[in-house]
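The structure under discussion appears below in the form of C-alpha cells.
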Amino acid sequence: MIGEPSTWFAVGAVGMVFGTAVFGIGLVRADKSVRKYYATLTAISGIAAVAYVLMTIGIGSVSVGNRMVLVPRYIDWLLTTPLLLLYLSLLVDASRSLVAKIVAVNVVVILGGLGAALLPGLERFIPFAIGGLAYLVLAYLLLGPLTERARGQPTESLFRGLRNLTVILWSIYPIIWLLSPSGFDLLTMLTNVLLVVYLDLVTKVGFGLIAVNAGAVLREQLKSRSDASSPASS
Ligand code: RET
C-alpha cells in the first residue's frame with residue numbers, strides 16, 4: 001500500500017480536495033473586493049484535485065521506452081502554475097504586459113518539461129534545457145520587475161513571503177525531474193511521486209492558506225488605518 005504510487009496520488013487528491021473546499025467556502029463568503037483571490041486559489045486546488053484523482057485511478061499515463069510519463073501532472077502544472085503567478089501579480093497589481101511575459105515564459109518551462117518527458121532518447125535534454133532557461137527568466141521577472149512593482153504597497157510583505165516560497169520550492173522541481181526516471185533515473189517512481197505530491201501540496205494549498213491568513217490580517221490593518229484617518233467612516 002504505502003509502497004505504491006497510487007496511495008500517494010490518493011493523498012494528493014485528498015489534500016487538493018481539502019484545499020478546494022477551504023478556498024471554495026472562502027469564495028462564497030468573501031466580499032466582492034477579494035473574491036478574485038479566492039476564485040484563483042479555488043481553481044488552483046480544484047484543477048490539481050482532478051489531476052490527482054486521474055493519476056490515482058491510473059488515467060493519463062503514457063509509456064515512453066521503459067518509463068511512465070504522467071500526462072495529468074503536466075496538464076495540471078500547465079494550468080495551475082500560471083494561476084499561481086497570476087495570484088502573485090494580482091497582489092501587487094502588476095501591468096498586463098508584465099503578467100503576459102511571466103505567463104508566457106512559464107508556459108515554456110512546463111511545455112519544455114512535458115516535451116522532455118515524452119522524448120525517448122538523449123535529445124530530451126534539449127527541451128529540458130529550454131525549460132530550464134525559461135525558468136531562469138521567470139525567476140528574474142519575479143525577483144526583479146514584479147518585486148519592484150510591490151515596493152511600498154500594503155501587500156509588499158505578503159508578496160515577498162509568497163514570492164520566496166514560490167521561487168525556492170519551484171526551483172526544486174527541475175532537480176527532482178533530473179533525478180527521476182525521466183532524467184538520470186536515480187530516484188524510483190515512488191520517491192518521485194512522494195516528493196512531487198509534497199511539493200504540490202505546499203506550493204498550492206500551503207501557499208493559499210498563508211495567503212488567506214495574511215490577507216485577513218492585512219484587511220484588518222487597512223480597515224483600522226482607514227477608520228483612524230477618517231473618523232466619519234466609522
Ligand atoms: C520542469 C522541467 C523543465 C525545466 C523546469 C521544470 C520546472 C517545473 C516547475 C514546476 C512547478 C510546479 C508547481 C506545481 C504546483 O502544484 C518542467 C520540471 C524548470 C517549476 C508549482
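What you see below is based on every heavy atom in this structure, not just the backbone, and it leaves out hydrogens, waters and symmetry mates. When a ligand or atom number is given, it counts from 1 through the structure's own listing order.
No more than 12 heavy-atom neighbours from other residues, nucleotides or ligands sit within 6.0 angstrom of OH on Y198.
A ring-centre distance under 6.0 Å is not found for Y37 and F23. Ring-centre distance between W77 and Y74: below the 6.0 Å cut-off. Taking the centre of each ring, Y135 and Y173 stay at or above the 6.0 Å mark.
Applying the side chain to side chain contact (heavy atoms under 4.5 Å, CB included) test to P154 and every residue at least two apart in sequence or in another chain returns L222.
Using a heavy-atom distance under 4.0 Å as the criterion, the protein contacts of ligand 1 are W77, T81, V109, G113, F128, G131, G132, Y135, W170, Y173, P174, W177, D200, T203, K204.
Judged by distance alone, with hydrogens and angles left aside, the side-chain atoms of S182 form no donor-acceptor pair with the main-chain N or O of A117 at under 3.5 Å.
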